[in-house]
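One structure below.
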Amino acid sequence: MKFISNSNYLAKYLDLSLKKNIDIKNISIDTRTLKKGSLFIAIKGDNFNGNDYIDEALKKGASLVITDNIKFKNSQDKHLIYVANSIAALKKISKNILKTYTGNVIGITGSNGKTTTTKILSNALKKSSSTHKNFNNEIGMPLSIMLGNINSKNLIIEMGAAKPKDIQYLSSILRPNVGVITNIGNSHLEKLKNIKGVLKVKSELINNIKKSGCLVVPNDNKKHLKIWQQIRNDISIITFGLSSSADFYPSDIKYSINKTEFNICSKKYKIKVKINTFLAGEHNVKNILSSFAASFILKNSTELFINSLKESLDEAIRQKQSKWIKGSLLIDDTYNANPDSVKKSIDLLKSSKTRRILVLGDMLELGRYRKKMHRDIGDYARAKKIDIFLGFGDLTKYAVEEFGKKGIFFKEESELKRFLKKNINSNDTVLLKGSRAMKMERFIDV
């Protein structure tokens, strides 16, 4: 049963009095996907206003509607609930849910690896609810909480940040007893400016961890670690990383294009755990280490954790692999891209024994560093001996220029599709990646 299964729960969490108890089968903010019996929450955004779709929501069978349109303030319609601000109502509902929740709350943020870490943990910790789809912002995170199961023993929630104070806002709602920072990298630099800005916004999580809680962080940057250690002295800090100086670190790593084998080691806790997983690449070793650290802190069974990595982790695999043009291997990593995640994907592509082809769309939201960071990717791909670099968009032309003579820049979608159809062979491994707004998945079906 969900936290919000009827209007009585909704009234309780909103501190309202409603005349009739109405069942709520689902929660939606989009009438295009709304199902009969859903609670529809009308949200005003920069480019849309959910209040314009209230009639449509009711016609589609919404059982209740939350609206902040003043014209409904004194409405007697039992299906309409007026609030002063719909986003503030989301915050209030989710915050009040968590005040009554007695299970573990795990909050995860970082530049890369948030979703994978969330999915690994939700698979490993039994009786768990976790982030719904990619709902990790001021609207999505409260919805993820509301859609959680009331009987969950673990609530595992991802928090994203595009600007200063985003993680402060989200983590003040969540108040986790375990916080995880997966890494600090170059993402959303348009508003966060530089790596210091990224560090600052991700670190906002720390002050909202419950007293006597725990923070799981990477130890690859000693300056960052020192900053984190100085913020609080009433929580414990557990580290992970590739170095044996971390509380949890790997040994005997064996990489291939579609699997990874290694040991999780800890001198501090005197353990050595063998891991076999279809999650490939060094970045996933780190994701598994951070997940294991959180799981270990919560006294979850080590055997359960190991076995969970052998189960289907399709939702956790951003780099989905499949047969493609003429029997080639496609690595579909089209979900999103920033400089750090692209480099990690190139590292994975490098492990292929066949001809290695990178198809990259623009990396966006990099602010004044955008040209330089694209050039850096071209240089990195060349150094990693990628065979062919195909760029699409506007900014990847700088990456292609840096890559050299086996780089080709495409301005038109149709031209790149024609090239792929004609030139991809059976003995190729192709990595397809780009920022979400580039919609690089358009090139899968050529």
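Values reported hereafter were calculated over all heavy atoms of this structure, with side chains retained and with hydrogens, waters and symmetry mates removed.
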If the threshold is 4.0 Å, N to carboxylate O, is there a salt bridge linking [X] and [Y]?
{"X": "Asp428", "Y": "Arg355", "result": "yes"}
{"X": "Asp387", "Y": "Lys406", "result": "no"}
{"X": "Glu441", "Y": "Arg436", "result": "yes"}
{"X": "Lys344", "Y": "Asp347", "result": "no"}
{"X": "Lys343", "Y": "Asp340", "result": "no"}

Tell me if a side-chain donor or acceptor on [X] pairs with a main-chain N or O of [Y] at a distance below 3.5 Å.
{"X": "Ser266", "Y": "Asp247", "answer": "yes"}
{"X": "Gln230", "Y": "Leu225", "answer": "no"}
{"X": "Ser435", "Y": "Leu364", "answer": "yes"}
{"X": "Asn183", "Y": "Gly185", "answer": "no"}
{"X": "Asn123", "Y": "Ser308", "answer": "yes"}
{"X": "Thr117", "Y": "Ser291", "answer": "no"}
{"X": "Lys326", "Y": "Lys422", "answer": "yes"}
{"X": "Asp30", "Y": "Arg32", "answer": "yes"}
{"X": "His224", "Y": "Asn219", "answer": "no"}
{"X": "Asn300", "Y": "Phe296", "answer": "no"}

[atom1]-[atom2] distance between [X] and [Y], expressed to the nearest 0.5 angstrom:
{"X": "Thr116", "Y": "Leu121", "atom1": "OG1", "atom2": "CG", "result": "11.5 Å"}
{"X": "Asp362", "Y": "Lys397", "atom1": "CG", "atom2": "NZ", "result": "9.5 Å"}
{"X": "Asn112", "Y": "Asn287", "atom1": "CG", "atom2": "CG", "result": "8.5 Å"}
{"X": "Leu431", "Y": "Ile357", "atom1": "CG", "atom2": "CD1", "result": "11.0 Å"}
{"X": "Ile106", "Y": "Asn177", "atom1": "CD1", "atom2": "CG", "result": "6.5 Å"}
{"X": "Lys127", "Y": "Leu155", "atom1": "NZ", "atom2": "CG", "result": "15.5 Å"}

Does the side chain of [Y] come within less than 4.5 Å of [X]'s, by heavy atoms?
{"X": "Ile108", "Y": "Ile181", "value": "no"}
{"X": "Asn276", "Y": "Glu261", "value": "yes"}
{"X": "Lys60", "Y": "Lys35", "value": "no"}
{"X": "Leu360", "Y": "Leu390", "value": "no"}
{"X": "Lys165", "Y": "Glu204", "value": "yes"}
{"X": "Leu174", "Y": "Ile145", "value": "yes"}
{"X": "Leu298", "Y": "Val178", "value": "yes"}

Would you please test Arg442 and Glu413 for salt bridge (charged side-chain N to carboxylate O under 4.0 Å, His left out) and show each step?
CA-CA 9 Å; Arg442 72 179 95 174; Glu413 177 182 340; 3.0 Å; yes
Can you name the closest pair of heavy atoms from [X] and [Y] and give their distance?
{"X": "Leu205", "Y": "Met159", "value": "CD1-CE, 3.7 Å"}
{"X": "Val201", "Y": "Leu192", "value": "CG1-CD1, 3.8 Å"}
{"X": "Trp228", "Y": "Leu215", "value": "CB-CD2, 4.3 Å"}
{"X": "Ile173", "Y": "Ser94", "value": "CG2-OG, 3.4 Å"}
{"X": "Met373", "Y": "Leu189", "value": "CE-CD1, 3.3 Å"}
{"X": "Val198", "Y": "Ser187", "value": "CG2-O, 3.6 Å"}

Within a radius of less than 6.0 Å around [atom1] of [X], do more than 12 heavy atoms belonging to other residues, nucleotides or ligands occur?
{"X": "Lys270", "atom1": "NZ", "answer": "no"}
{"X": "Lys268", "atom1": "NZ", "answer": "yes"}
{"X": "Lys417", "atom1": "NZ", "answer": "yes"}
{"X": "Lys226", "atom1": "NZ", "answer": "no"}
{"X": "Lys92", "atom1": "NZ", "answer": "yes"}
{"X": "Asn233", "atom1": "CG", "answer": "no"}

Between Ser130 and Ser128, does a side-chain hydrogen bond (donor to acceptor under 3.5 Å, both in side chains) hold up when you go through it step by step?
CA-CA 7 Å; Ser130 64; Ser128 295; over 6 Å; no
Would you please test Asp332 and Thr334 for side-chain hydrogen bond (donor to acceptor under 3.5 Å, both in side chains) and show each step?
CA-CA 6 Å; Asp332 173 9; Thr334 56; 2.7 Å; yes
With side-chain hydrogen bond (donor to acceptor under 3.5 Å, both in side chains) as the test, would you mind laying out the steps for Asp23 and Asn6 before giving the verdict?
CA-CA 4 Å; Asp23 286 341; Asn6 58 55; 5.0 Å; no
Between Tyr269 and Phe248 (judged by ring centroids, cut-off 6.0 Å), do the two rings come close enough to count as a pair?
yes
Between Phe240 and Phe292, is the gap from one ring center to the other below 6.0 Å?
no
Quick one, Ile27 with Ile41, criterion side-chain contact (heavy atoms from CB on, under 4.5 Å). Give me CA distance, side-chain angles, the key distance, then yes/no.
CA-CA 8 Å; Ile27 301 171; Ile41 305 171; 3.8 Å; yes
Decide yes or no on side-chain hydrogen bond (donor to acceptor under 3.5 Å, both in side chains) for Thr354 and Asn427, but give the supporting numbers first.
CA-CA 6 Å; Thr354 66; Asn427 195 38; 4.9 Å; no
Run Phe443 and Phe392 through ring pair (Phe, Tyr, Trp, His ring centres under 6.0 Å) and show every step you take.
CA-CA 11 Å; Phe443 296 105; Phe392 174 73; 5.0 Å; yes
